[in-house]
Structures are given as C-alpha cells and as structure tokens.
Number of protein chains: 2
Amino acid sequence: MQITRAAEYGVLGLTALARRPLGEVVMVDVLCAEEEIPRSFLGKIFQNLAKAGIVKSARGSGGGFSLSRLPGQITALEIIEAIEGPIAFQRCLDEDLGCEHSGGCALCSLLAVAQNRVKEVFHATTLSDLAGRHIPNSAVTRARGKSRGKIPLAAA
Amino acid sequence: MQITRAAEYGVLGLTALARRPLGEVVMVDVLCAEEEIPRSFLGKIFQNLAKAGIVKSARGSGGGFSLSRLPGQITALEIIEAIEGPIAFQRCLDEDLGCEHSGGCALCSLLAVAQNRVKEVFHATTLSDLAGRHIPNSAVTRARGKSRGKIPLAAA
DNA sequence: TCAAACCGGACGGATCTCGTCCGGTATCCT
DNA sequence: AGGATACCGGACGAGATCCGTCCGGTTTGA
Ligand code: SF4
Ligand code: SF4
C-alpha cells in the first residue's frame, strides 16, 4: 500500500520543471540537484514521462526536458500512472485476467470504491497545485544545515 | 499500490466466519475449504486477527476461531490494518521517522488526502456489509465447474 | 569531428510477498 | 494419564518487486 519512490521522484522532478517558464529545456542534472534525487534514476523516470507525452525530450548538447503542457493541465493521476502503470488495488480491477470470482466478491466492490476515491483526488490535483505548495529539497537541506530549525513555509 | 493477499484472504476468511451465528467456533480448515485459501497461510493470518482482538482463538481439540464482536461492529479498516499494519501511502505519513522535508513537500499533502479517503471508505464498511454481498469462493468454482457460464448474483 | 545529452536494456543488491514447515503448547476425550 | 487435536510462533525459502547503477548506442549542436 505505498507509492513507489519512482513516482515520488517523478513528481518532485516535475515540480522543479514547473517552476520555470513553459517550454524551457532543462537537463536532468539540474533537476536532480534541485530536488536531491539520484541522477540516473530520475533520467530513467523521465523517459517514461516523455513516452507518456507529459514532457518533451531534446537530445544532444544543450538538450534536456521541457514540459509539453501548462502545469495546470497536467494531473497528478497522469503523472503517477505514467510512472507506475495504472493504479489498481487488486488484480481483478486492472485487467480482466483477474479471478473468475469478481462477480460475487466482497473485496472487489470495496476496493473499487476506495481506488476510485484516490483516483479522484489525484485527478483533481494538477502539477501547478503541487508546485505551488512545494519547497525544493535542496532549499530544505540548506536551511537545515544552517539553522537546524524550522523551515519557513511557502504558503504561510 | 496494492492490497496484499494476506489482507484479501483475511477478509474472505472473516466473511466465512460471519456467515455463522456469533460465537460459533470454526477450524481454519473449514474456513479454508469454503473460501479456497491455502491452509497454513490463513492460519498465520488469523493469528494476527486474534492478536488484534477481532477474533477469539480456542486451542486444543474442538478448537478454532470465533468472531469476538458482531460483524456489524468490525470495520474493514480494522481488519486490513490488523493484517498489513497501518495504511500509509508514504513513509512520512506513517511514523515521524519520515523525511525532514514533510513541511514543504508537494506529495505529502496530496497523499495524506488520498490516504484518508481510502481510510474513510474502509472505515465505513463493516464485515456484515462485506459478508452480505459475498459469494463463497467454493460456490463460485463449483458453479463454474458445472455450467462454465455466469454465476448467479446474490443481490440480484 | 567531438562532446554533450538522452535512450534503452541489462544487471544486481535489498526488501517484500506468499506461503510452507515444524516443534511447542493448550485443550478435550477416553 | 495418555493421546489426539488444533492453534502459536518463528524460521525458512522461492519468487517478485523496488531502487538504482552502468554502459554502449544514438541524436544534436558547436
Ligand atoms: S477474490 Fe475478489 S478482490 Fe480478489 S481478485 Fe478475485 S474478485 Fe478481485
Ligand atoms: S519527500 Fe515528501 S512525500 Fe516523500 S517522504 Fe518526504 S515529506 Fe513525505
């Protein structure tokens, strides 16, 4: 019952991208430094994001990634499903290669509801929402290094 | 992003128990047969349920498990958390040994909401709800064996 | 031509999942 | 008392998944 780190890093990396004007091309090295994510891992994750059409990739020198849409038009659901695959609480809810029991199963009905609730939440949240209430990891660790105290909140 | 089989089996086993009058003592062998669950696995799962106070265990010959409360007073949340541990979408949401970033993280706020949605759903569903809309696995496979067709729905 | 940057798959250690097994203990029956 | 029965609890192990890393290949710009 957990989101993977890949999804977590993906979202974090995208917020770093969303902080910039639309279309600006940024290398994964820069994103990694800002959010303190292992470099080669984020590279791999962004490949999926590119394949899903959420970011555009530019190769060669001066290349990198750029958002392919406005942050307000990218939902958290899209991002997470692009990275983790479709969210499915149970095999019967994903593909129909699930068990034959589906028709009369106590769990299926319960899990279907629960799963749809989280999909709703993820669908209603956009990348710009996320970026808005986010403080980059690098800023957090810098502050912690200096003052060993509270981190000032962005929206407070 | 999945419920484990242990939780699935646990719920299924409990519905089998809930089909009987309150307090009736049933061996795990019987529960397993009804819901077609590996025997030694369900035994292990019911140990957790006993520890959580959801079922009572009776040892020795003629022993087994019995519900310790009315099915209407046992929530799905209880059952699942007894088996899987607390529902936590992310380490920072579980214990406070999470990352220092919590204060300004884009994900924490999103995941906290999503997680609470599923907790609500699980909390609002009781074992009697589940048992009511459930057809035992053994009945399903028997029907499939005979007719190779549709399984009649309980509530339709 | 050369260097920069992504692409894509292979790989490996760590952890978790799904069970099984077995000796121990409590209970009941005779 | 002596079995037989059934849960207890921990160890074990095969397999899958997670978390990254690595490296050779390809595209692009200078
Ligand atoms: S037993 Fe129920 S919840 Fe589990 S896979 Fe089958 S239909 Fe789905
Ligand atoms: S980065 Fe955010 S979501 Fe992830 S563990 Fe830290 S506070 Fe929680």
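Bear in mind that the values here come from a model prediction, so they are computed numbers and not experimental data.
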Backbone of [Y] reached by a side-chain donor or acceptor of [X] within 3.5 Å:
X	Y	answer
A:E84	A:T4	yes
B:N116	B:A112	yes
B:R20	B:E24	no

Rounded to the nearest Å, what distance is computed from the [atom1] atom of residue [X] to the [atom2] atom of nucleotide [N]?
X	N	atom1	atom2	result
B:I83	C:dC16	CD1	P	18 Å
A:F41	D:dC19	CZ	P	6 Å
A:D29	C:dC6	CG	P	6 Å
B:E84	C:dC18	CD	P	9 Å
A:K51	C:dG9	NZ	C1'	11 Å
A:N48	D:dC18	CG	C1'	14 Å
B:M27	C:dT27	CE	C1'	14 Å
B:I3	C:dT17	CD1	P	11 Å

>> Run A:E81 and A:K119 through side chain to side chain contact (heavy atoms under 4.5 Å, CB included) and show every step you take.
In response: CA-CA 10 Å; A:E81 292 205 322; A:K119 277 194 173 183; 3.7 Å; yes

Using a cut-off of 4.0 Å on non-hydrogen atoms, how would the nucleic acid contact of [X] be classed: base, sugar-phosphate, or nothing?
X	result
B:G64	sugar-phosphate
A:A58	sugar-phosphate
B:F65	sugar-phosphate

> What's the verdict on salt bridge (charged side-chain N to carboxylate O under 4.0 Å, His left out) for B:E34 and B:R19, showing C-alpha distance, side-chain angles and the deciding distance?
Replying inline: CA-CA 11 Å; B:E34 270 178 42; B:R19 251 177 263 132; 2.5 Å; yes

>> Of the listed nucleotides (D:dC7, C:dC18, C:dG8), which one gets closest to any side-chain atom of A:Q47?
In response: C:dG8

> When you measure from the side chain of B:V28, which nucleotide among D:dC7, D:dC18, D:dG9 comes out closest?
Replying inline: D:dC7

Using a cut-off of less than 4.0 Å, is there contact between a side-chain N or O of [X] and OP1 or OP2 of [N]?
X	N	answer
B:S57	D:dC8	yes
A:S61	D:dT27	no
B:S40	C:dT20	yes
A:R59	D:dT26	no
B:Y9	C:dC18	no

> Relative to the 5' end of DNA chain D, which residue comes earlier, A:R5 or A:G62, by the nucleotide with the nearest heavy atom?
Replying inline: A:R5

> So does B:K44 reach the base of D:dG10 with its side chain, donor to acceptor, closer than 3.5 Å?
Replying inline: yes

>> Rounded at 0.5 Å granularity, tell me how far CD1 in B:I54 sits from CD in B:E78.
In response: 5.0 Å

>> Nearest heavy atom decides the nucleotide; on that basis, is A:R39 or A:M1 closer to the 5' end of DNA chain C?
In response: A:R39

